[in-house]
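For the numbers below, each heavy atom of this structure counts, side chains included, while hydrogens, waters and symmetry mates do not. Residue numbering restarts at 1 for every chain, and letters A, B, ... go by the order of the sequence lines.
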There are 2 protein chains.
Amino acid sequence: MNDMTIGQLAEAGGVGVETIRYYQRRGLLQVPETPPHQAHTRTVRRYNPNDLKTLQFIRSAQRAGFTLSQIEELLELDASQDRRRAREIAEERLAALDAEISALQKARHSLVKLSSACAEGPAGPCPILTAFDH
Amino acid sequence: MNDMTIGQLAEAGGVGVETIRYYQRRGLLQVPETPPHQAHTRTVRRYNPNDLKTLQFIRSAQRAGFTLSQIEELLELDASQDRRRAREIAEERLAALDAEISALQKARHSLVKLSSACAEGPAGPCPILTAFDH
DNA sequence: CTTGACTCCGTACCATGGTACAGACCCGAT
DNA sequence: ATCGGGTCTGTACCATGGTACGGAGTCAAG
């Protein structure tokens with residue numbers, strides 16, 4: 001899959017075409033130049049495996065909880081080779097991630113309790129409102 | 001803190017007054033009746049500890065990843081005592097939560113690697129774009 | 001009985017991350 | 001040569017979860 005159209009890129013990245021265009025508008029993906037020898041004629045833009053890598057990075061970074069603005073910065077850092085800042089960002093997110101994970105684990109615990117408290121029979125009171133108390 | 005004003009409720013719940021009003025508009029919190037003997041005169045509404053419980057539940061459930069619509073349903077279920085549906089919802093969220101937690105743990109792992117890969121020196125290439133590759 | 005803080009209600013606005021057009025245009029297959 | 005599907009650009013719209021504001025009313029303290 002070398003030299004793709006936007007539709008193929010979208011397909012390969014598991015996103016919609018409109019999402020790619022949105023990332024382009026946000027500056028996360030660059031818009032490939034059309035061949036210069038016919039600058040005034042519009043033509044179909046072509047995407048390469050690097051674009052796909054970037055797209056995949058964007059999606060993974062989102063899953064890691066980065067916002068699109070932060071991802072934008074990460075992409076700039078990748079180009080500018082500012083290790084210090086890159087590490088800073090990564091560690092910030094790491095700390096947040098640890099907090100999020102442990103919050104989710106607490107929530108998980110509460111849900112397990114709730115679901116077993118609601119286990120018997122089809123009806124009757126089960127302690128939904130107090131499910132997360134302590 | 002019995003019989004609070006909306007400001008005190010907000011304070012106690014760690015949210016803004018506007019957020020409470022928003023939850024009321026969404027139907028997550030009911031708007032307390034004004035005393036009936038002066039129905040046409042507007043008066044200041046009063047909130048009790050039950051309202052606070054509900055508010056705290058809303059915030060906890062959000063932290064557990066429920067949307068406000070789901071929380072609305074949970075609150076209805078708490079009233080209607082439909083255990084079956086309550087368990088269903090809890091288990092659905094539980095499954096999603098497990099997926100989210102493990103995704104975040106994978107992301108965490110990648111970030112740890114990234115931050116240590118960017119550890120030496122202030123500049124130079126570090127593998128941001130490939131940080132989440134496998 | 002006025003002042004200042006708070007409340008009420010309606011409506012408008014915001015950020016985030018998309019999603020959906022419309023009206024051209026381009027391009028490969030028939 | 002033309003037809004259908006994909007592309008291009010710009011702009012509009014969407015859901016979620018709030019946040020802000022204006023103008024009026026209320027209420028407790030001084």
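- Atom CZ in B/R46 sits about 14 Å away from atom C1' in C/dC8, given to the nearest Å.
- An OP1 or OP2 oxygen of C/dC27 is reached within less than 4.0 angstrom by a side-chain nitrogen or oxygen of A/T43.
- Taking every side-chain heavy atom of B/T67 into account, D/dG17 is the closest of D/dC21, C/dA20, D/dG17.
- When heavy atoms are screened at a 4.0 angstrom cut-off, A/S69 is found touching no nucleic acid atom at all.
- Remark: B/Y23 is not in phosphate contact with D/dG17, judged by side-chain N or O atoms under 4.0 Å from OP1 or OP2.
- One interatomic measurement links the two molecules: OH of B/Y22 to P of C/dA12, which rounds to 17 Å at whole-angstrom precision.
- The OH-P distance, from A/Y47 to D/dT7, rounds to 9 Å in whole Å.
- Look at B/E100 and B/R93 and you find a salt bridge, because one of the NZ, NE, NH1 or NH2 atoms lies within 4.0 Å of a carboxylate O, short of that distance.
- At C/dT7, one or more side-chain N or O atoms of B/T5 fall inside 4.0 Å of OP1 or OP2 (strictly under the cut-off).
- Rounded to a whole Å, the CD atom of B/Q8 is 13 Å from the C1' atom of D/dC27.
- A/D98 contributes no side-chain N or O that, together with a main-chain N or O of A/A95, makes up a donor-acceptor pair within less than 3.5 Å.
- When the side-chain nitrogen and oxygen atoms of B/Q62 are compared with OP1 and OP2 of D/dG18, one or more of them lie within a distance under 4.0 Å.
- A/R25 comes within 4.0 angstrom of a nucleotide base, judged by non-hydrogen atoms across all strands.
- By the 6.0 Å contact criterion, CD on A/Q105 is enclosed, its count of non-hydrogen atoms from other residues, nucleotides or ligands being greater than 12.
- If you measure from atom CZ of A/R45 to atom C1' of D/dG6, you get 15 Å, rounded to the nearest angstrom.
- Distances shorter than 4.0 Å separate some side-chain N or O of B/T19 from OP1 or OP2 on D/dT19.
- At least one side-chain nitrogen or oxygen of A/R59 sits closer than 4.0 Å to the OP1 or OP2 atom of C/dG18.
- Rounded to the nearest 0.5 angstrom, A/E92 CD and A/Q70 CD are separated by 7.5 Å.
- Atom CE in B/M4 sits roughly 12 Å away from atom P in C/dT7 (whole-Å rounding).
- Atom P of nucleotide C/dA15 and atom CD of A/Q70 are separated by 17 Å, given to the nearest angstrom.
- Under 4.0 angstrom from either OP1 or OP2 of D/dC8 there lies no side-chain N or O belonging to A/Q24.
- Between the side chain of B/R83 and the backbone N or O of A/A117, at least one donor-acceptor pair lies under 3.5 Å.
- Atom C1' of nucleotide D/dT19 and atom CZ of B/R21 are separated by 13 Å, given to the nearest angstrom.
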